[in-house]
Amino acid sequence: MNNTKPTAGKPVQITIDGKTYECPSFSGTENEKAFDIGKLRDQSGYVTFDNGYANSSPTTSSVTYLDGDNGILRYRGYPIEQLAEHASFIEVAWLLIYGELPTQNQLNQFHADLEANSVVDEKFIKLMDAFPKNAHPMAVLTAATVGLSTVYQNECDPGNKEHTEKSIRRLIGQFPSLCAAAYRHNHGDKLVPGKKGVDYCENFMHLMYSKDGSYTVPKEIVKALNLLLILHADHEQNCSTSTVRLVGSSSANLYASIAAGITALWGPLHGGANQAVMEMLEHIQKDGGDIEKTIAAAKDKNSNFRLMGFGHRVYKNFDPRAKLIKKACDNVLTSLGVKNPLLDLAKKLEEAALKDPYFVEKKLYPNVDFYSGIIYSALNIPTEMFTPMFALGRLPGWIAQWKEMVDGGTTKIGRPRQIYTGYTARNFKPVSERG
Ligand code: SDX
């Protein structure tokens with residue numbers, strides 16, 4: 001069953017300063033439990049405190065299920081391993097957004113809609129000329145995504161379902177061009193028209209690298225890209241998705257909400273980690289490839305070095321996506337006849353870390369970002385484009401989560417409280433009396 005109402009449980013009792021308060025409790029379809037503190041502050045004067053929202057849930061959702069202890073990831077109930085094996089990225093995009101795998105007709109129509117909405121307005125794309133030649137593509141992508149709303153600003157009303165359906169197709173249809181345009185701008189190339197009648201991922205590689213339309217994409221690359229984008233497509237309430245929901249909760253339009261998600265994803269603790277992993281591996285390689293020295297630095301409380309691509313807020317076991325990407329690394333590099341010494345280095349690092357008590361006790365395993373850059377490199381995708389690739393994959397998940405919130409109609413504007421620890425009241429001092 002999809003999108004069921006939570007199951008009510010026994011009220012939870014909280015005793016504060018000798019008084020007992022009851023909070024309603026409920027559970028979801030995978031028996032995750034929560035209690036609702038919506039009335040706690042009014043009744044007791046207390047708010048809860050949860051640094052990084054590690055133990056708080058702002059919403060129910062039926063899009064994606066994670067079990068971090070057992071390394072389980074499912075989109076709308078389908079195990080990620082099955083989707084990675086059998087589905088295309090656009091099939092998974094439909095599944096996440098509309099809740100079911102598409103019929104052949106729905107899939108054909110979606111492909112046709114995306115293709116019909118894939119051309120970026122030629123006046124708008126001139127925006128790229130405003131950026132310096134070494135602009136980080138994530139900054140360009142953020143500006144271009146929110147800017148795209150100006151091309152369609154009479155059809156952005158989040159309360160209008162027709163506007164939302166059009167925005168979904170315009171965003172997913174044009175995002176490959178925006179990503180490719182950001183890359184080509186930095187290399188002095190103009191955007192080329194997309195290739196009609198081909199797979200979404202094939203068209204993306206064509207947009208990235210085609211010079212005169214003669215560029216052909218090996219099928220191994222199309223397959224690898226579909227896998228990578230599927231594995232990045234959604235991940236419940238991660239930092240960037242929570243950002244998309246928070247921005248959307250103010251009734252900001254879908255373009256603005258997605259642009260906010262792109263900025264959150266850029267951080268090296270989140271989606272920016274894939275670029276940081278590659279830079280870390282290259283640095284270790286240049287520095288002599290000393291695994292022990294690297295592991296020691298990652299454990300050293302006085303160094304701010306972290307083993308990028310390791311650790312996760314939810315997965316306290318293997319990230320199932322990392323397992324699939326690691327396996328794909330060997331397959332893709334072999335099929336493309338590519339050798340990358342950084343893959344061997346990454347495997348040695350993983351082996352050393354998984355034997356080290358620091359990583360074992362803190363349950364730090366490779367996450368989705370640890371091996372993904374190795375494959376992107378094999379596909380000739382440059383390091384600065386790794387995080388835009390993550391955004392390209394995550395776009396349907398952000399859209400699905402935003403749409404679930406808007407369609408649900410019950411979300412209040414996100415507005416957390418705080419505990420103030422600043423000055424208590426004091427009087428203004430004229431500058432003549434200040435020290
Ligand atoms: C993504 O949330 C998602 O779902 C995200 C994502 C998605 O699909 O949307 O899965 C994508 O963002 C994956 C994560 C990519 N980031 C990295 O690879 C950056 C490196 N990892 C860390 O910075 C860290 O593990 C986080 C940010 C991923 C998680 O941080 P938490 O949950 O806040 O954990 P923490 O920073 O409090 O760490 C707990 C302990 C600390 O030690 P103590 O203070 O308890 O002694 O573990 C240590 C940390 O110092 N630690 C690490 C480490 N990660 C955590 N030590 C060394 N190397 C690391 N990578």
Side-chain angles (χ1 to χ4, degrees), residues 50-58 61 63-69 71-75 80 84 92 96 138 228-245 261-281 284 291 293-325 346 349-350 352-354 356-374 386-387 389-398 400-401:
D50 184 19
N51 184 14
Y53 308 111
N55 306 285
S56 304
S57 155
S61 176
V63 179
T64 290
Y65 172 67
L66 292 197
D67 174 339
D69 297 326
I72 293 171
L73 171 58
R74 299 188 201 122
Y75 296 160
I80 192 67
V92 168
L96 287 168
M138 286 298 273
L228 284 164
L229 297 188
I230 287 169
L231 294 178
H232 285 83
D234 194 54
H235 215 237
E236 59 140 89
Q237 306 310 315
N238 58 84
C239 178
S240 53
T241 300
S242 300
T243 303
V244 168
R245 280 181 173 257
I262 297 171
T263 54
L265 187 74
W266 192 1
L269 293 186
H270 189 14
N274 55 18
Q275 175 173 345
V277 168
M278 196 46 109
E279 289 162 353
M280 172 186 77
L281 293 173
I284 296 165
I291 301 287
K293 183 177 153 195
T294 305
I295 296 292
K299 294 160 54 177
D300 179 359
K301 278 280 152 246
N302 301 319
S303 97
N304 56 15
F305 173 75
R306 285 199 161 185
L307 194 57
M308 300 312 277
F310 255 74
H312 198 276
R313 173 64 58 78
V314 177
Y315 288 124
K316 298 307 171 194
N317 192 320
F318 260 91
D319 181 334
R321 303 167 297 177
K323 277 188 191 170
L324 291 167
I325 294 177
L349 261 177
E350 176 189 359
L354 295 184
D356 186 290
Y358 173 93
F359 289 86
V360 174
E361 280 147 30
K362 293 180 189 296
K363 299 184 178 174
L364 304 175
Y365 291 87
N367 59 49
V368 68
D369 293 306
F370 191 61
Y371 287 104
S372 53
I374 307 275
F386 288 3
T387 312
M389 294 304 295
F390 195 143
L392 183 64
R394 185 54 51 92
L395 180 61
W398 285 331
Q401 299 271 352

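In each ligand, atom 1 is the first atom listed, and ligand 1 is the first ligand listed. For the numbers below, each heavy atom of this structure counts, side chains included, while hydrogens, waters and symmetry mates do not.
Atom NZ of K299 has more than 12 neighbouring heavy atoms from other residues, nucleotides or ligands inside a 6.0 Å radius. Environment of OH in Y358: crowded, with over 12 heavy atoms of neighbouring residues, nucleotides or ligands closer than 6.0 Å.
For D67, the side chain to side chain donor-acceptor pair (under 3.5 Å) test picks out N70, with sequence neighbours left out. Partners of S372 according to the side chain to side chain donor-acceptor pair (under 3.5 Å) rule, which considers only residues two or more places apart in sequence or in another chain, do not exist here. Applying the side chain to side chain contact (heavy atoms under 4.5 Å, CB included) rule to A322 yields the partners D319, P366; only residues at least two apart in sequence or on another chain are considered.
Checking S240 against W398 by side-chain atom types alone, a donor-acceptor pair falls below 3.5 Å.
For ligand 1, residues of the protein lying within 4.0 angstrom by heavy-atom distance are H235, N238, P268, L269, H270, A273, A298, K301, R306, L307, M308, G309, F310, G311, H312, R313, R321, Y358, K362, L364, N367, D369, F390, R394.
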